[in-house]
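In what follows, chains carry the letters A, B, and so on, assigned in the order in which the sequence lines appear, proteins first and then strands, with residues in each chain numbered from 1. Quantities reported herein were computed from a predicted structural model and do not represent experimental measurements.
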Amino acid sequence: MYDGRNIFTKKMIDILKKDIISCIESYYKCDLSDIDLQFSYTKQEFEGDITLIIFPLLKISKKSLKETGEDLSHNIFSKIDTIKSCNLVHGFLNFVLDQKFWLQNLDKIICTYNYGFLKRKEPKLYLVEFSSPNTNKPLHLGHIRNNILGDSISRIIEANGHEVRKVQIINDRGIHICKSMVAWEKFGNKQIPSDKNMKGDHFVGHFYIMFEKQYQKEQEDLINSGCSEKEAKLEAPIMLEAKDMLLKWEQNDKHTVDLWNKMNKWVYEGFEETYKKLNICFDKNYYESETYKYGKKIVLDGLNSGVFQKEEDHSISVSLEDVGLDKKTLLRSDGTSLYITQDLGTAVLRNQDYNFFGMIYVVGNEQDYHFKVLFHILNKLNYKWSDQCHHLSYGMVDLPSGKMKSREGKVVDADDLLDDIVSRAKSTSLELGKLDDMSDDKKNDLYSLIGKGALRYHLLKIDPKKNIMFSPEDSIDFNGNTGPFIQYTFARIRSLVLKSGISNFKFKTDLNITEQEVRLIKIILKYPEVIQDSFKLLSPSLIANFIYDLVKEYNNYYQNNQILSLDDEHQVCFKVSLSDMVSRVIESGMNLLGIFVPQKM
RNA sequence: AGCCCAGUAGUUCAACUGGACAGAAUGCCGGAUUUCGGCUCCGGAGGUUGAGGGUUCGAAUCCUUCCUGGGCUACCA
C-alpha cells in the first residue's frame, strides 16, 4: 500500500530485521515467509532495543523455549555487527544494539526537510468532505469536532504523499430553513442582522428557535382543544406555513426564493467568520439545492438500467438484501428527492469534477448505516471508486447535562466557545506575566494560538470513534496532556537552541550517549510510522498521543540534564541537535493536527 | 425485536490491532529550583479491563452468552 515508502531510518531497521530473519532461516534451514514474526521496540523495563517474540518459532525448532532462545541468541549475536548482546526473558529475545546505530539513524534524518512525510511518484487525489452544515442555525461544538477532524485528516493524507481537496455539502434547502424563514416573516419586523448587531448565522438561528417555540405552543393549544398529539404535530398552523413555503420554494416562487437567498447569505457570512476563527477553509462548496436534481437523474438512470426498481406506488427503490441490508427508497412516490438522492448526485458530480481516487466523508456515527447503504449503491451502479469511499465516523460530543439539542437552543455555540477559550488563554498568560516585551498585536495572536491549540488538541487526542464528554467549564486544561503543555515545551526548546548559538546540527556518531537519549531517538524514529498509521486508521489521535509521549520524555530529560553548561563541546552539540530535532517533530506533528506552536509564550 | 458502536484507576483518556508486571493525565497526599523558561520535574496511594464461559504458549484485544449506555433500523436530515 505504501508504494512510495522511502524513509531511510525505517529501511535501516527493516534491514536489521531482515538480517535477523535470514540468520534464523539459515540456522534452521527453513523458509520463514509464512510465519508471522513480530518485532517491537523493547519495553523500557527490560534491557535491549529491539525484541523478537520467539513463540511462533517453536514449531520449527521443535525444542523448548529456553533452548530455542539460546540457540538463536548465540547464532544471531555472532553474525550481526550492530547487535552488541542479547538476552532472553520468557519468550522474548531482546537485542541490545550498538549506540552507533541510533546515532547514525539520527544523523541521517536530522536535516531532512519534512521528516516523516512520504513522497510518491504517483500521488493519488483524495476528496475530504467535512463540516457540511445546515443553513438554519450557527455552528456548534459538534461541528467543531467535525471540522478539526476533517482539517487534520486532510493534512495527514497530504503528509502521506497524496493530494487533497477539501469540500463540503451545504444543506441549504428543505424544511429546516423554511422554518427560520417563516419565523422571520412573522416576527422579524424586516430587521437585518446588523440592526441587532448579530452575526448572520446567529440571527437566522434565533428565528429557528422562535419557530420551534411557537410550534410547541400551538401544539399544546391544539392538544388542549382535543386534538391527538399526532394531529397537533401535523396541523399546527405555523408548521403548515413552513410546509407551504417549502412547496413554494420548489415551485420557484420569486418572493420565497428571494427570501431564501437573503437569509442564506446572512448565514454564509456568519459561517465565514467562524471558519476563519477555526482556521478552516474549503476548496469547493457543493450546495444541496444544486446537486439534488442531479441525484434524481442518477436514480432515474439506475432505474432504466435495471439496477433500481419502481414500486407500485411509483416510488423508486433499490434492493440491498444481497449484501445483508434492507430495501432503500431512493425517490419518493411524488418524485421528490431524499437525503440519499442528493448524496448520490453529489458523489458522482464530484467524481466528474475531480476524477478522484478516493473520498473520505467526515460525518457523525449516527449515519454509519446511511454511508454503508450509499457505498453499496454506488457499487451497484458500477462506480469503481466506490470501494475507495470511506466514512470517517466519529462519536458525539455530549455535555454533562446530556445531549445537545439545537432545537431547544441547548448547545455549546462554536463562536462562544472559541472566544471563551481564547480569553482563558489570555488570563492564564497574564497571570504568568512572561510576555511583557511583546506588542499587543503579537500577544493577541499568541492567546488565540494557545486557546485554539488547547481546544483542537483536546478534541483530537481522543479516538474519533469514541464519544466525548465535554464540560466547557473544566475540560479544557492547560496542564498535563494538553496543547499548551506541548506548546510550552516547544517554546522552551527553541529558547534553548537560540541561546546555544548553534545552527549547524552536526555531531560525532561515536559519542557516548545516555539511555534516555537513545529513548528519545527511538521515539523520533517512530514518527514516519505514526503518520502512516494515522492515515490507515483515519485517526489523528495517534499523532496527538505520539507527540505527548515525546514531549513527556523530553521534559524529563530537560529537567535532569545540563546541556549548555557542559565542558565537552561535542556533547553540547549533540544535545542541542537532539533537542532541535525534538522541537521539529513537535512542530510537524502539531501542524498535522492544525495546531501552531509559538517561539515564545 | 433486529443490527452497529462503546464499556479500562474517583474522573478524562492510552495500550504498537493477540505479546512481557494494563500505562498516562487529572484529582488527592508528599517532595525538587546557588539551573538552559516552574504552563516544569520526581515519589506515593488508586484496577477482578461491565460479568460469566471458550479459543492458546499468551486475551483489555478474537469467539460466545448475558448486563449497562448510545446510535441506527424513515417516502427525516
Side-chain angles (χ1 to χ4, degrees), chain A residues 36 38-43 45-46 51 53-56 58 65 89-92 94 132 134 171 174-176 288 311 313-317 324-326 328-343 364-370 372 393 395-396 398 403 425 428-429 431-432 434 450 458 461-463 465-471 474-475 477-482 484-489 491-500 526 529-530 533 536-537 541-542 544-546 548-549 552 555-566 572 575-576 579 600-601:
Chain A
D36 184 28
Q38 294 176 51
F39 289 91
S40 58
Y41 279 141
T42 306
K43 284 210 162 197
E45 54 268 41
F46 302 96
T51 296
I53 299 164
I54 60 175
F55 284 108
L58 298 185
L65 199 60
V89 183
H90 300 112
F92 299 85
N94 301 320
S132 305
N134 289 351
N171 300 299
I175 192 76
H176 55 268
E288 193 190 318
E311 302 294 320
D313 59 9
H314 302 296
S315 66
I316 297 174
S317 67
L325 302 172
D326 294 334
K328 179 78 189 173
T329 302
L330 302 174
L331 213 53
R332 289 196 187 94
S333 46
D334 64 4
T336 57
S337 78
L338 289 150
Y339 182 49
I340 191 103
T341 321
Q342 62 94 4
D343 254 358
N365 63 9
E366 75 271 17
Q367 296 193 30
D368 284 355
Y369 184 76
H370 171 78
K372 228 190 224 174
S393 160
M396 325 220 106
D398 294 328
K403 276 198 75 165
T428 308
S429 295
E431 231 170 81
L432 293 164
K434 292 183 190 170
I450 295 173
H458 181 74
K461 76 177 175 189
I462 296 167
D463 186 336
K465 65 173 179 281
K466 293 198 175 170
N467 290 358
I468 293 182
M469 178 64 78
F470 190 95
S471 100
D474 57 31
S475 75
D477 269 317
F478 287 6
N479 300 313
N481 186 358
T482 67
F485 171 84
I486 294 167
Q487 288 170 324
Y488 173 76
T489 305
R492 207 165 57 164
I493 299 177
R494 290 327 301 164
S495 168
L496 173 85
V497 174
L498 196 67
K499 198 162 250 178
S500 77
K526 244 168 93 174
E529 212 176 316
V530 174
D533 287 347
K536 220 186 317 183
L537 302 176
S541 71
L542 296 181
N545 287 311
F546 165 81
Y548 178 65
D549 284 344
K552 213 160 60 73
N555 276 336
N556 182 295
Y557 174 69
Y558 179 92
Q559 193 79 18
N560 297 306
N561 291 278
Q562 287 296 307
I563 296 176
L564 298 184
S565 58
L566 293 177
V572 174
K575 285 173 163 56
V576 171
S579 299
K600 280 186 189 173
M601 70 186 276

Watson-Crick or G-U wobble partner of [N], both distances under 3.5 Å:
N	value
B/U48	none
B/G23	B/C13
B/C41	B/G31

Need one value for [X]: base, sugar-phosphate or nothing, where a base atom within 4.0 Å counts as base even if backbone is also close, heavy atoms only.
X	value
A/E431	nothing
A/Q38	base
A/D549	nothing
A/I563	base
A/L537	base
A/Q562	base
A/Y548	sugar-phosphate
A/N94	base
A/D326	sugar-phosphate
A/T51	base
A/D398	nothing
A/I53	base
A/S393	nothing

For this session: Mind running side-chain contact (heavy atoms from CB on, under 4.5 Å) on A/S315 and A/L331 for me, showing each step along the way?
Result: CA-CA 6 Å; A/S315 66; A/L331 213 53; over 6 Å; no
Problem set entry | Stacking of A/Y369 on B/C72 base (centres under 5.5 Å, planes under 30°) |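 A/Y369 ring does not meet the centre or angle cut-off for B/C72; no stack.
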Problem set entry | Face-to-face contact A/F55 to B/G19 six-ring, under 5.5 Å, under 30° |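 Yes, the aromatic ring of A/F55 stacks with the base.
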